[in-house]
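If you're wondering where the values come from, they're calculated on a predicted model, not measured in any experiment.
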Amino acid sequence: MQGTPTARTTEPRVAVYPGSFDPVTCGHVDIIKRAAKQFDHLIVAVLNNTGKNPLFSVDERKALLTEVTRDLPNVSVDSFRDLLVRFMRKSKAQVIVRGIRTITDFEYELQLASMNHQLDGDIETIFMMTNPKYSYLSSSIVKEIAKFQGNVADLVPPEVAEALALKYGKTL
């Protein structure tokens, strides 16, 4: 059929937002929501880093992330313990999403992005600047505040605040 336009088949734009998410903070959720608008599918991938001693297990972190992203239909939650580029290939993802809070973050993230590009030149990394109101926020700070019974209500989603209280034996 000459002259008939052919339909273009395009692969879905799939991105992965990897991290420890121990625990997930409002800063993480902000990046997830903003990245979800940019891609057909966003996979939030919990790193199972055996070199760290996390407060929450991988399953607990996945459950919390699933709960706080339940209203985002194009977001799924998974975990990995291998090289990120292998997880990307397995997931048919093309882009890594990374949040940047400070220039120190950028230097570290640039190093990781360069190494991931060296391992697989088809995978791109994009950096999203953190909303300024979360620029000071990290999971480590949240855990420290929660450990000493401080108020984390403005730092993490309510589900996470509740989980932190349970971990540290505090009632809300």
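A donor-acceptor distance shorter than 3.5 angstrom exists from the side chain of Glu60 to the backbone of Ser57, with no hydrogens or angles considered. Remark: the backbone N or O of Pro23 is paired with a side-chain donor or acceptor of Ser139 at under 3.5 angstrom. Without hydrogens or angle criteria, Glu124 side chain to Asp122 main chain gives no donor-acceptor distance under 3.5 Å. The backbone N or O of Arg81 sits nowhere less than 3.5 Å from a side-chain atom of Asn48 that would complete a donor-acceptor pair. Put simply, the side chain of Gln94 gets close to the backbone of Pro12: a donor and an acceptor are under 3.5 Å apart. Between the side chain of Arg101 and the backbone N or O of Tyr134 there is no donor-acceptor pair closer than 3.5 Å. With hydrogens and angles disregarded, a donor-acceptor distance shorter than 3.5 Å links the side chain of Asp22 to the backbone of Phe56. Between the Asp120 side chain and the Val85 main chain, no donor and acceptor come within less than 3.5 Å of each other. In this structure, Thr25 contributes its side chain and Gly27 its backbone to a donor-acceptor pair below 3.5 Å.
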Problem - Trace of the side-chain hydrogen bond (donor to acceptor under 3.5 Å, both in side chains) decision for His117 with Ser114 - result: CA-CA 5 Å; His117 187 75; Ser114 298; over 6 Å; no

Exercise for the section: Check the pair Asp82 / Phe87 against side-chain contact (heavy atoms from CB on, under 4.5 Å), numbers first and verdict last. Expected result: CA-CA 7 Å; Asp82 196 0; Phe87 178 79; 6.0 Å; no

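In this structure the side chain of Glu144 never reaches within 4.5 angstrom of the side chain of Val152, judged on heavy atoms. Looking at heavy atoms from C-beta onward, Ser91 lies out of side-chain contact with Met88 at the 4.5 angstrom threshold.
Separation of atoms OG (Ser76) and CG (Leu42) is listed at 7.5 Å; rounding is to 0.5 Å.
Ion pair Arg70/Glu159 flagged as a salt bridge, since at least one NZ, NE, NH1 or NH2 atom sits closer than 4.0 Å to an Asp/Glu carboxylate oxygen. We find that Arg98 and Asp105 are not joined by a salt bridge, their nearest charged nitrogen and carboxylate oxygen being 4.0 Å or further apart.
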